[in-house]
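Single-structure report; data block below.
Values below: all heavy atoms of this structure, side chains included; hydrogens, waters and symmetry mates excluded. Letters A, B, ... mirror the listed sequences (proteins, then strands); counts begin at 1. Keep in mind that what you see is a predicted model, and the values were worked out from it rather than measured.
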2 protein chains.
Amino acid sequence: MNIKDIAKLAQVGVSTVSRVLNNHPDVKESTRQKILEVIKESNYIPNNSARILKQQNTKNIGVLVKGVFNPFFSQMINVIGNIINQNGYTMILHQNDYKNDQEVETLIAFIKEKKLQGIICLGGNFADITDDCFKEINVPIVLTSVNTVSKQGKEYYSSVGIDNVKSSYDATSYLIEKGHKKIALILGEADDIGVSILRMQGYREALEKSKIRIDDELIIVGGYSSRGAYNETLELLKIRKDITAFFALSDIMAIGAAKAILDSGLKVPEDISIIGFDGMDESEYYNPSITTVKQPDKLMATMSINLLISQINERKENQHILLETNLIERDSCFNLLK
Amino acid sequence: MNIKDIAKLAQVGVSTVSRVLNNHPDVKESTRQKILEVIKESNYIPNNSARILKQQNTKNIGVLVKGVFNPFFSQMINVIGNIINQNGYTMILHQNDYKNDQEVETLIAFIKEKKLQGIICLGGNFADITDDCFKEINVPIVLTSVNTVSKQGKEYYSSVGIDNVKSSYDATSYLIEKGHKKIALILGEADDIGVSILRMQGYREALEKSKIRIDDELIIVGGYSSRGAYNETLELLKIRKDITAFFALSDIMAIGAAKAILDSGLKVPEDISIIGFDGMDESEYYNPSITTVKQPDKLMATMSINLLISQINERKENQHILLETNLIERDSCFNLLK
DNA sequence: TTGTATGCGTTATCAT
DNA sequence: ATGATAACGCATACAA
């Protein structure tokens, strides 16, 4: 069942059907009604691939999200989607498997397939951006909350994110100010891509600043899951009785670590303090509420899409924006000095 | 930059380029190399819309997920994706906005656009299935963990899910057996679509069986969020001091309720018991660990995709499978009778 | 082994 | 207001 069949059934030409499909004004009301009726009756649904293939100005904005269902991004997608709609565009959401490391290629394929007018990438590792890989793409690109290690090609895309080094420097310093010296760090991933390495750097710098020796045994990897953080924390607590604080690089891991501490017969925060990262609901509703580094997720979303739309309307120079994080003090950190 | 340009640059015909693109065997190794080189140099990426438009047998299986990032489905998608790949198919993941209630239409559009060989729907409300809406679609459809209220058209699709009524009947009975009589229920949504109504029915039946009066004031709505459940629970606890247990229809809401109880100066489970639903990690790592109704998510995923693939290979009669849930006893329920 | 030509389903241009 | 027809970018049958 295609547009030709509908045209035949309605006894009109294909272009008239197409006009109805696309809400063009110059169709007689009676023919419009008739065509709509035929469409309804035959359960006809246009083929989107053919549509996009032909269209020039799609009014589509793409959102490419890294990872299958990263809850941190879900709020941001809502914000972005609303603003896209308000501006008369349509959001096309696309997942990029976290195992797929061909970020740039996926990005370009997405733009081409959907004839996008602009794109926002949420997360992912864009370390392999080269000077010319975006040259042929002449739609604006905004990379949000991604790991951009590459120094190349910065003039071909915009970015919005946080200062990972400073954020974790601040969080670590906060613990140090409360008298903590044996501070364990829970990384997300072990390899050198991703944000963990940047945040670890902030952790290291804070310790060095206070002349605290960096103890590699205190740095564990939780795989961004509660389970991973739980297991690793449990093991670490068995061999190291001197730890007074944990800094987890995600709230999800902070929760796993908290449970491991409790299951070890210790109290949070009296025996061991915890600080998380992200500012997800889970940390707020935990018992006790977990102090965390809040990422400005909604602001990041708003700035990303506003930047993109302004770029679509008037090509200006690309911008690279770094937003402030905010340490939310709750009930999981103990002051050893009082 | 399209296939024609590549052909010109490589000084070959378009079909030879197409063959290389699709890994066809009958291309001379030297020409293949040359074409690949040209493709690499010009950063050419084929247009997927055009590809799909042309292809007949795509080997694509679609997964249509309801809601922006429902964490309950993320594990299932991994399982499904792996099995799809093992069988030589490609998974195409598509989000359906939770505000979009045109489930059937979205489903059919997705099948047509991507020329899918089969599809799994994760979640969503398919109450408006009619006898003929799937008739024209001759690819197998599996609805997994969806709300299928409609009795029509069952011969045109398969389904995999749990018995929502029985599951919540069992959970409520579990509380009753422990001596609880004033059991509050936290629904996900207030309207009559969705699973909340089925689970509420189980709750009602369990109370009726034990001759416990159903008190509508004890039934609140948490909107499937911790925050919603927290606020509603806090309010309810102010006006009702007689409640001894909460049954939340998701673990996320159970956590919010737990925090509200704690913030009201009460203890879990000594003062008030809690039971959740889903079996997510969050409930396990909460303090205290929350007793919950575990959905067999991985099994649902495995059965769904295996059923679909067997249907693709040999069209058999559609099946409707109901799996058992499992009540995981943890530390959030107190026995009043001991 | 390689090239030419046709059509997938739609939109857009140009007629009428 | 409406219809015929040429693209869109690709895969494939068929020819060579």
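Donor-acceptor pairing under 3.5 Å, judged by distance alone, is present between the side chain of Lys54(A) and the base of dA7(D). The base of dT4(C) is paired with the side chain of Ser15(B) by a donor and an acceptor separated by under 3.5 Å.
Among the nucleotides dT11(C), dC10(D), dT2(D), the one closest to any side-chain atom of Ser18(A) is dT11(C). For Asp26(B), whose side chain is taken as the heavy atoms from C-beta onward, the closest listed nucleotide among dA5(C), dT11(C), dT2(C) is dT2(C). In this structure, of dG9(D), dC10(D), dT11(C), it is dT11(C) that holds the atom nearest to the side chain of Gln55(A). Side-chain proximity of Thr16(B) to dT2(C), dA11(D), dT2(D): nearest is dT2(C). Residue Arg19(A) has its side chain nearest to dC14(C) when only dC10(D), dC14(C), dT4(C) are considered. Among the nucleotides dT10(C), dG9(D), dT2(D), the one closest to the side chain of Lys28(A) is dT2(D). Nearest to the side chain of Asn47(B), among dT11(C), dT2(D), dC10(D), sits dC10(D).
DNA chain C is contacted by both Lys115(B) and Val14(B); Val14(B) maps to the nucleotide lying nearer its 5′ end (nearest heavy atom per residue).
Look at Ser49(A) and you won't find any side-chain N or O under 4.0 angstrom from OP1 or OP2 of dG9(C). One finds a side-chain N or O of Tyr44(A) lying less than 4.0 angstrom from the OP1 or OP2 phosphate oxygen of dT10(C). Phosphate proximity of dT11(C) to Asn22(A): present, with a side-chain N or O under 4.0 Å from OP1 or OP2.
Judged purely by atom type and a 3.5 angstrom limit, Lys115(A) uses its side chain to pair as donor or acceptor with the backbone of Leu53(A). Side chain of Asn70(A) to main chain of Phe72(A): a donor-acceptor pair is present (N/O by atom type, distance under 3.5 Å, no hydrogens or angles). Side-chain atoms of Glu113(B) never come within 3.5 Å of backbone atoms of Ser49(A) as a donor-acceptor pair (strictly under, hydrogens ignored).
Taking the six-membered ring where the residue is Trp, Tyr157(B) and His320(B) present perpendicular rings, their angle passing 60° and hence far from 30°.
Across the protein-nucleic acid pair, Leu53(A) atom CG and dA6(D) atom P stand 17 Å apart, rounded to whole Å.
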